[in-house]
Amino acid sequence: MTFAIIEAGGKQLKVEPGRFYDVDRLANDADTKLSLDQVLLVHDGNEVTVGQPLVKGATVEVTVMQHRRDRKIIVYKMQPKKKTRKKRGHRQELTRLMVDAIHLDGKAIGETKAKKSKTSEEAVAVEAEVVAD
């Protein structure tokens, strides 16, 4: 199992290729590809690379899926015997990110299955062209 621990929006997330995650709002449009370089740890199945504080040469390729809002939370403050009550609501602005790949020193150690199947389909097409020639 390949995963990485990244820092995004002041929080640390354990991310895996092919999954989506909600982080605090980023100033990027939907369907934009980003490269996050705040990688703290990379696990590629059998070897763990820990950064001090960041792993050199490690990046996580993500795609911005959409901007959304979290569920509403209610903040209720009351002072007993004073007839003071405050009720406030809050909805956090979020960005949903899809993790495409994890790169370590320029080499992709984790990719989504869609990318792998696409590259294998391209390899089959190239082999077919070679056989046809």
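Throughout, residue positions are numbered sequentially from 1 according to the sequence presented.
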(request) Heavy atoms only: give me the nearest Asp24-Gly9 pair and the separation to one decimal. (result)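 Heavy atoms only, the tightest pair is OD2-O, 3.5 Å.
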In the single-linkage hydrophobic clustering (I, L, V, M, F, W, Y; side-chain heavy atoms under 4.5 Å), do [X] and [Y] co-cluster?
{"X": "Ile5", "Y": "Val39", "value": "no"}
{"X": "Val48", "Y": "Met1", "value": "yes"}
{"X": "Leu54", "Y": "Val50", "value": "yes"}
{"X": "Leu40", "Y": "Leu34", "value": "no"}
{"X": "Val60", "Y": "Leu26", "value": "yes"}

(request) Would you sort out whether Asp29 and Val64 count as a side chain to side chain contact (heavy atoms under 4.5 Å, CB included), showing the intermediate values? (result) CA-CA 7 Å; Asp29 295 329; Val64 177; over 6 Å; no
Any chance you could measure [X], atom [atom1], to [Y], atom [atom2], to the nearest 0.5 Å?
{"X": "Lys107", "Y": "His103", "atom1": "NZ", "atom2": "NE2", "result": "12.0 Å"}
{"X": "Arg71", "Y": "Leu94", "atom1": "CZ", "atom2": "CG", "result": "11.0 Å"}
{"X": "Met98", "Y": "Phe20", "atom1": "CE", "atom2": "CZ", "result": "7.0 Å"}
{"X": "Gln12", "Y": "Leu41", "atom1": "CD", "atom2": "CG", "result": "10.0 Å"}
{"X": "Thr59", "Y": "Glu61", "atom1": "OG1", "atom2": "CD", "result": "4.5 Å"}
{"X": "Lys77", "Y": "Thr84", "atom1": "NZ", "atom2": "OG1", "result": "12.5 Å"}

(message) In the structure I gave you, are the side-chain heavy atoms of Val75 and Lys87 within less than 4.5 Å of one another anywhere?
(response)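 With C-beta onward as the side chain, the pair stays apart.
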(request) Find out whether Ile102 and Thr2 are in side-chain contact, i.e. whether some heavy atom of one side chain is under 4.5 Å from a heavy atom of the other. (result)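 Counting from C-beta outward, Ile102 and Thr2 do come under 4.5 Å.
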(request) Would you indicate whether Arg85, at its atom CZ, is surrounded by more than 12 heavy atoms from other residues, nucleotides or ligands within a distance under 6.0 Å? (result)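 Yes - once you tally the heavy atoms of other residues, nucleotides and ligands closer than 6.0 Å, there are more than 12.
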(message) Do the side chains of Glu93 and Arg69 get close enough for a salt bridge, i.e. N-O under 4.0 angstrom?
(response)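 Looking at Glu93 and Arg69, the cut-off is met.
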(message) Do the side chains of Arg91 and Asp70 get close enough for a salt bridge, i.e. N-O under 4.0 angstrom?
(response)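 A salt bridge is absent here (no side-chain N lies under 4.0 Å from a carboxylate O).
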(message) Do Lys14 and Phe3 form a cation-pi contact, if we require the NZ or CZ to be under 6.0 Å from the six-membered ring centre and within 45 degrees of the ring's axis?
(response)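 Positive - Lys14 is close enough to the ring of Phe3 and near enough to its axis.
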(message) With side-chain hydrogen bond (donor to acceptor under 3.5 Å, both in side chains) as the test, pick out the partner of Thr63 among Thr32, Asp31, Asp100.
(response)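 Only one option passes, and that is Asp100.
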(message) Under a 3.5 Å distance rule, please check whether Tyr21 uses its side chain to pair with a backbone N or O of Glu16 as donor and acceptor.
(response)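 Yes: the side chain of Tyr21 pairs with the backbone of Glu16.
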(request) For the residue pair His67 and Thr95, confirm or rule out a side-chain donor-acceptor distance under 3.5 Å. (result)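 Side-chain D/A pair, His67 to Thr95: present.
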